[in-house]
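Have a look at the structure below before the remarks.
Quick caveat: nothing in here was measured; it's all calculated off a predicted structure. Hydrogens, waters and symmetry mates play no part in the numbers below; they use all other heavy atoms, side chains included.
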Amino acid sequence: METSRRQSGIQQLLAAEQEAQQIVNAARNAKMARLRQAKEEADREITAYRAQMEAEFQKKVAETSGDSGANVKRLEQETEDKIANLKQQAGAISPDVVSMLLKHVTSVKN
C-alpha cells in the first residue's frame, strides 16, 4: 500500500509539474503577444508622427518657397525704384555738371 501511495504521490507531483509548465508557457505566450502588440502600436505611432512631421516640413518649405518669389518681386521693385531715383537725381544735376566741365575745359590757364 505504501508503494501505491508513493506512486500516487509521484503521479500528483508529475501532474502538478505539467500544470505548472502549462501555466508558465501560457504566461510566456501572453507576454510575447503583449510585446508584439506594443511593437505594432509603437510602429503605428511612429508612422503617424513621421507623417505629421513631413507634412509640417512640406508646409514650411512651401511657405518659404512662396516667400522667396514674393521677395524676388519686392527686391526687383525696390531696385527699379532706386534706379529711377538715381536717374532723376542725375538728370537734375546734369546741366550743372556739363556747364562746370565746359567751364574748366574751355578756360586756359598760364
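- Taking a 4.5 Å side-chain heavy-atom cut-off between Ile, Leu, Val, Met, Phe, Trp and Tyr, the cluster of L102 extends to V98.
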Contacts under 3.5 angstrom, residues 12-30 side chains, donor-acceptor by atom type, not counting sequence neighbours:
residue: Q21; atom: NE2; partner: N25; partner atom: OD1; Å: 3.4
residue: N25; atom: OD1; partner: R28; partner atom: NH1; Å: 3.4
residue: N25; atom: ND2; partner: Q21; partner atom: O; Å: 3.4
residue: N29; atom: ND2; partner: N25; partner atom: O; Å: 3.3

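- Identified under the side-chain hydrogen bond (donor to acceptor under 3.5 Å, both in side chains) test for residues 95-107, with sequence neighbours left out: none.
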Show me, pair by pair, the donor-acceptor contacts under 3.5 angstrom made by side chains of residues 75-84, not counting sequence neighbours?
residue: Q77; atom: NE2; partner: D81; partner atom: OD1; Å: 3.0
residue: E78; atom: OE2; partner: R74; partner atom: NH1; Å: 3.0
residue: T79; atom: OG1; partner: L75; partner atom: O; Å: 2.8

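- For Q11, there are no side chain to side chain donor-acceptor pair (under 3.5 Å) partners two or more places apart in sequence or in a different chain.
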Donor-acceptor pairs under 3.5 Å, side chain of residues 88-95 to any protein atom, not counting sequence neighbours: which ones?
none

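- Residue M32 belongs to a hydrophobic cluster whose other members are L35, with links defined by side-chain heavy atoms closer than 4.5 Å.
- With sequence neighbours excluded, no residue forms a salt bridge (charged side-chain N to carboxylate O under 4.0 Å, His left out) with K59.
- Applying the 4.5 Å side-chain rule to ILVMFWY residues, one finds that M100 remains a lone member of its cluster.
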Show the atom names and distances, to 0.1 Å, of all donor-acceptor pairs under 3.5 Å that link a side chain in residues 44-53 to residues at least two apart or in another chain.
residue: T47; atom: OG1; partner: D43; partner atom: O; Å: 2.8
residue: Q52; atom: NE2; partner: E56; partner atom: OE2; Å: 3.3

